[in-house]
Structure formats: structure tokens, C-alpha cells
Number of protein chains: 2
Amino acid sequence: MNAVELSGKLAAIASPHRMRIIAMLQGEPLHVSELARRMEMSRALLYMHLSKLEDAGFVTGHLELSDDGKALKLFEVLPFVLNIDPAMIVNAISQQESE
Amino acid sequence: MNAVELSGKLAAIASPHRMRIIAMLQGEPLHVSELARRMEMSRALLYMHLSKLEDAGFVTGHLELSDDGKALKLFEVLPFVLNIDPAMIVNAISQQESE
DNA sequence: CCGACCTGTAATGTTTTTATTACAGGTGCA
DNA sequence: TGCACCTGTAATAAAAACATTACAGGTCGG
């Protein structure tokens with residue numbers, strides 16, 4: 001992982017709102033409207049945060065049909081681990097590309 | 001470490017410029033002007049980035065006298081480790097305060 | 001005294017991020 | 001048909017981050 005990719009991922013979690021989203025989804029997938037209620041946040045804003053988390057690979061969402069036939073967009077946390085220390089920063093900077 | 005502190009630290013490293021600063025200082029403390037030359041960056045801008053890194057506890061700087069008596073502000077990397085995964089995010093969110 | 005270094009920051013402009021509001025459209029059910 | 005849900009996004013405003021320029025002041029050596 002190069003420096004740009006790494007900083008992108010770090011920026012994606014470096015937000016109290018987004019960390020709270022991860023904490024709420026952890027172990028309990030929720031659909032957008034329900035999550036918006038629990039976060040006490042507008043859906044539009046929540047979508048913005050969810051997009052950043054999804055782009056960075058921390059969460060994933062998919063449409064699903066509820067029991068009564070309504071479409072729900074369920075989001076869940078993807079497993080991830082990032083060990084940040086000086087050596088891995090040096091390593092990221094020295095990477096020109098590659099995943 | 002609570003969510004606000006953690007997001008502050010993550011935001012501080014979530015920048016290619018600042019990651020590069022850490023990489024350059026790692027193992028070789030440098031004074032501001034010299035680092036500015038190697039980074040090809042203005043001192044004013046470098047100070048802004050260094051302040052963020054110092055506030056977050058990733059680097060530290062102190063004045064020191066060179067051999068010919070001039071004052072130099074030497075910066076060096078402080079050891080740090082951050083293991084980021086869903087569980088530690090949940091933990092950070094559940095912390096109300098404490099260091 | 002002057003030139004070549006160094007530190008430190010204020011003021012300003014630009015860009016990006018964050019947040020709000022408003023809209024369009026869908027399903028199920030009484 | 002009207003109500004209560006849901007998804008999705010465009011347009012806009014407000015706030016924060018980033019970057020540049022310009023200045024003030026210090027030490028040293030020729």
C-alpha cells in the first residue's frame with residue numbers, strides 16, 4: 001500500500017462520525033434510514049460518510065428485500081487491520097505503486 | 001483513547017506530505033530549514049504540517065545550537081504504534097474520556 | 001556593515017470537506 | 001388514493017484545511 005492509498009484510508013476513518021458509524025454497524029448490519037435515526041443524522045449526510053467508508057473498504061452495502069417487500073440498503077463492516085508505526089510509514093512512502 | 005483523540009491522531013498522519021515528513025525524519029533528525037529544502041516546501045507550510053504532527057504526538061522539536069553557534073530547530077520522530085481494527089474503533093467510541 | 005544563514009508567524013487566498021435543504025421516485029397497506 | 005415507509009442525489013451553504021506571500025527578528029563571518 002502506497003502513501004496515497006494509506007492516507008486515503010486513514011482519512012476515511014479519521015472522523016468521529018465515521019468511527020461511530022463503524023461502531024454501530026459492527027456486529028449488527030443496519031439499513032441506511034435506521035442507521036440515520038440512531039445516529040440522529042440526515043440521510044443525505046449519512047450517505048456522504050458511508051460512501052467514504054465504502055470507498056476506503058471499511059464497510060460494504062447492498063440492497064436487500066425486507067419481509068414486507070421493501071427495498072433496504074443494508075450496510076455492514078468489513079474486517080480490517082491497520083498497524084501504523086514509523087516503519088510502516090517509511091515503507092508506504094517508499095512504495096511507488098502496487099496494492 | 002477516545003474517539004476524538006483517535007480521530008485527531010489519524011487525521012494528523014492521513015496526509016502524504018506529513019507521512020513523507022515522518023519518513024524523512026525517521027532515523028535522521030533534521031532542522032526545519034533543511035527539511036524544507038529536502039521536501040521542496042516552504043517553511044511556513046512545513047511549520048503548519050509539523051505543528052499538526054507535534055500536536056498529535058508523532059514528532060517533537062527542540063531548539064539546539066549548531067557548531068557555529070546558530071539556533072536550529074531539530075525535529076525527530078517519536079515512537080508510536082496504532083493498531084486499527086473494528087474492535088478498537090468500538091472501544092474508542094465507548095470511551096467517554098481518559099487518556 | 002552586509003550577506004547568508006536561521007526561527008517564527010500574521011494575513012490572505014484557494015481548495016476541500018462537511019452539512020443542509022429540497023427534490024424525484026419506489027413499495028406496501030388501510 | 002393517501003400515508004408511511006424506503007432509496008438516491010443535486011444544489012447550495014458553511015466550515016475547516018491547505019498553501020502562499022510577506023514580514024520581523026536573530027547569529028555568524030568576511
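The analysis underlying the following values was restricted to heavy atoms, covering all of them including side chains, and did not include hydrogens, waters or symmetry mates. Chain identifiers are assigned alphabetically (A, B, ...) following the order of the sequence lines, protein sequences preceding nucleic acid strands; residue numbering begins at 1 within each chain.
Residue Tyr47(B) contributes atom OH, which lies 13 Å from atom P of dA10(C) at whole-angstrom precision. As rounded to whole Å, 11 Å separates atom P of dT18(C) from atom CG of Leu53(A). Rounded to whole angstrom, the span from the CG atom of Leu65(B) across to the C1' atom of dC5(C) amounts to 15 Å. In this entry the distance linking CG of Asp67(B) with P of dC5(C) reads 17 Å, nearest Å. Distance, Leu72(A) CG to dA4(D) P: 19 Å, rounded to whole Å. Separating the NE2 atom of His62(A) from the P atom of dT7(D) is a distance of 12 Å, rounded to the nearest angstrom. Here dC6(C) presents its C1' atom at 15 Å from CG of Leu30(B), a figure rounded to the nearest Å. Between His31(A) atom NE2 and dT27(C) atom C1' the separation is 14 Å, expressed in whole Å.
Considering only side-chain N and O atoms, Lys73(B) lies nowhere under 4.0 angstrom from the phosphate OP1 or OP2 of dC6(C).
Within the 4.5 Å cutoff, the side chain of Pro29(B) has no heavy atoms near those of the Phe75(B) side chain.
In this structure Glu76(A) satisfies the salt bridge (Lys or Arg N to Asp or Glu O under 4.0 Å) test with no other residue, sequence neighbours excluded. With sequence neighbours left out, the side-chain hydrogen bond (donor to acceptor under 3.5 Å, both in side chains) criterion links Asp55(B) to no other residue.
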Without placing hydrogens or testing angles, list every side-chain donor-acceptor pair under 3.5 Å for residues 10-19 of chain A, not counting sequence neighbours.
unit_1, atom_1, unit_2, atom_2, d
Ser15(A), OG, His17(A), N, 3.4
Ser15(A), OG, Arg18(A), N, 3.2
Arg18(A), NE, Ala12(A), O, 2.6
Arg18(A), NH1, His49(A), ND1, 3.0
Arg18(A), NH2, Ala11(A), O, 3.1

Donor-acceptor pairs are to be reported for all side-chain atoms of residues 31-44 of chain B against protein atoms at under 3.5 Å, with residues two or more places apart or in another chain.
unit_1, atom_1, unit_2, atom_2, d
His31(B), NE2, Glu34(B), N, 3.4
Glu34(B), OE1, Arg37(B), NE, 3.4
Glu34(B), OE1, Arg37(B), NH2, 2.8
Glu34(B), OE2, Arg38(B), NE, 2.8
Glu34(B), OE2, Arg38(B), NH2, 3.4
Arg38(B), NH1, Glu28(B), OE1, 3.2
Arg38(B), NH1, Glu28(B), OE2, 3.4
Ser42(B), OG, Leu45(B), N, 3.2

Distance-only check: which donor-acceptor pairs under 3.5 Å involve side-chain atoms of residues 63-71 of chain A, not counting sequence neighbours?
unit_1, atom_1, unit_2, atom_2, d
Glu64(A), OE1, His62(A), NE2, 2.7
Ser66(A), OG, Asp68(A), OD1, 2.5
Ser66(A), OG, Lys70(A), N, 3.1
Ser66(A), OG, Lys70(A), O, 3.2

Nucleic acid footprint by protein, nucleotides 17-30 of chain D - heavy-atom cut-off 4.0 Å, B for base, S for sugar-phosphate alone: SSBBB-----BS--
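Closest approach to the Leu63(A) side chain among dC6(C), dT7(C), dT7(D) is made by dT7(D) (side chain taken as heavy atoms from C-beta onward).
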